[in-house]
Amino acid sequence: MRLSDLRKGDRGLIKGIAPEGHDGPGEIGHEELERRLLEMGFVEGARFHVLHEGLVGRDPIALRLDDTRVALRRREAHAILIDCDNTP
């Protein structure tokens, strides 16, 4: 499952990063996207909670990642593999 598939209130664990489809024109590339996500704290085992979704196309999404709040576009969140558990 991918982080981009979730809705407000969903919770779970980060399982990894798979940045496929981010190498076209105007994209930052696989390695750069993976580096940025890791620097923001999207590491295996980190817990998250989706806090908010934007009004237009549910984009961007805001989430709590361990003790940090982060906002991402859904196309970037699509690169993040998760295990959704929805437990508090």
Side-chain angles (χ1 to χ4, degrees):
M1 184 173 229
R2 296 187 180 266
L3 185 60
S4 59
D5 300 327
L6 300 183
R7 305 292 297 219
K8 182 178 177 180
D10 288 340
R11 301 168 184 264
L13 289 171
I14 304 297
K15 299 306 269 183
I17 298 175
E20 55 203 40
H22 285 272
D23 55 358
E27 297 287 344
I28 62 173
H30 293 158
E31 290 94 21
E32 180 67 13
L33 178 60
E34 184 173 7
R35 183 186 66 78
R36 289 181 185 186
L37 292 172
L38 288 169
E39 286 177 352
M40 284 191 272
F42 289 95
V43 295
E44 187 175 347
R47 295 200 62 76
F48 69 86
H49 177 199
V50 180
L51 301 172
H52 181 73
E53 298 176 302
L55 297 176
V56 179
R58 298 177 29 232
D59 205 19
I61 59 174
L63 53 114
R64 185 173 52 239
L65 182 64
D66 285 335
D67 294 329
T68 306
R69 290 179 190 235
V70 179
L72 290 175
R73 289 178 271 186
R74 286 212 181 259
R75 72 179 201 202
E76 294 163 344
H78 186 73
I80 302 168
L81 303 172
I82 57 104
D83 184 16
C84 188
D85 61 20
N86 287 324
T87 58

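All values derive from a computational prediction rather than experimental measurement. Heavy atoms only: backbone and side chains are in, while hydrogens, waters and symmetry mates are out.
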Supply the atom-to-atom distance [X] [atom1] to [Y] [atom2], rounded to the nearest 0.5 angstrom.
{"X": "R11", "Y": "D83", "atom1": "CZ", "atom2": "CG", "value": "14.5 Å"}
{"X": "E32", "Y": "L37", "atom1": "CD", "atom2": "CG", "value": "10.0 Å"}
{"X": "K15", "Y": "M1", "atom1": "NZ", "atom2": "CE", "value": "13.5 Å"}

Does the side chain to side chain contact (heavy atoms under 4.5 Å, CB included) test come out yes or no for I17 and L38, once each step is laid out? CA-CA 8 Å; I17 298 175; L38 288 169; 3.7 Å; yes

Does R58, at its CZ atom, have more than 12 non-hydrogen atoms belonging to other residues, nucleotides or ligands within less than 6.0 Å?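 It does: R58 CZ has more than 12 such atoms within range.
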
Answer yes or no: is there an ion pair linking [X] with [Y], defined by an N-O contact shorter than 4.0 Å?
{"X": "E53", "Y": "R74", "value": "yes"}
{"X": "R36", "Y": "E39", "value": "no"}
{"X": "D67", "Y": "R47", "value": "no"}

hydrophobic_cluster_shared for [Y] and [X], side chain cutoff 4.5 Å:
{"X": "L51", "Y": "I82", "answer": "no"}
{"X": "L81", "Y": "F48", "answer": "no"}
{"X": "L13", "Y": "M40", "answer": "no"}

Criterion side chain to side chain contact (heavy atoms under 4.5 Å, CB included) on L6 and L63, from CA distance to verdict: CA-CA 11 Å; L6 300 183; L63 53 114; over 6 Å; no

Can you tell if the side chain of P60 reaches within under 4.5 Å of the side chain of L72, non-hydrogen atoms only?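 No; the side chains remain at least 4.5 Å from each other.
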
Does a side-chain heavy-atom distance below 4.5 Å link V50 with R7?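 The answer is no, as the side chains (C-beta and beyond) never meet within the 4.5 Å cut-off.
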
Walk me through whether V43 and I14 qualify under side chain to side chain contact (heavy atoms under 4.5 Å, CB included). CA-CA 6 Å; V43 295; I14 304 297; over 6 Å; no

Quick one: closest heavy-atom pair of A46 and D66, and the distance?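 A46 and D66 have their closest heavy atoms at CB-OD2, 3.6 Å.
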
Nearest atoms (heavy-atom pairs only) where L3 meets A77: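 Minimum heavy-atom separation between L3 and A77: CB-O, 3.5 Å.
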
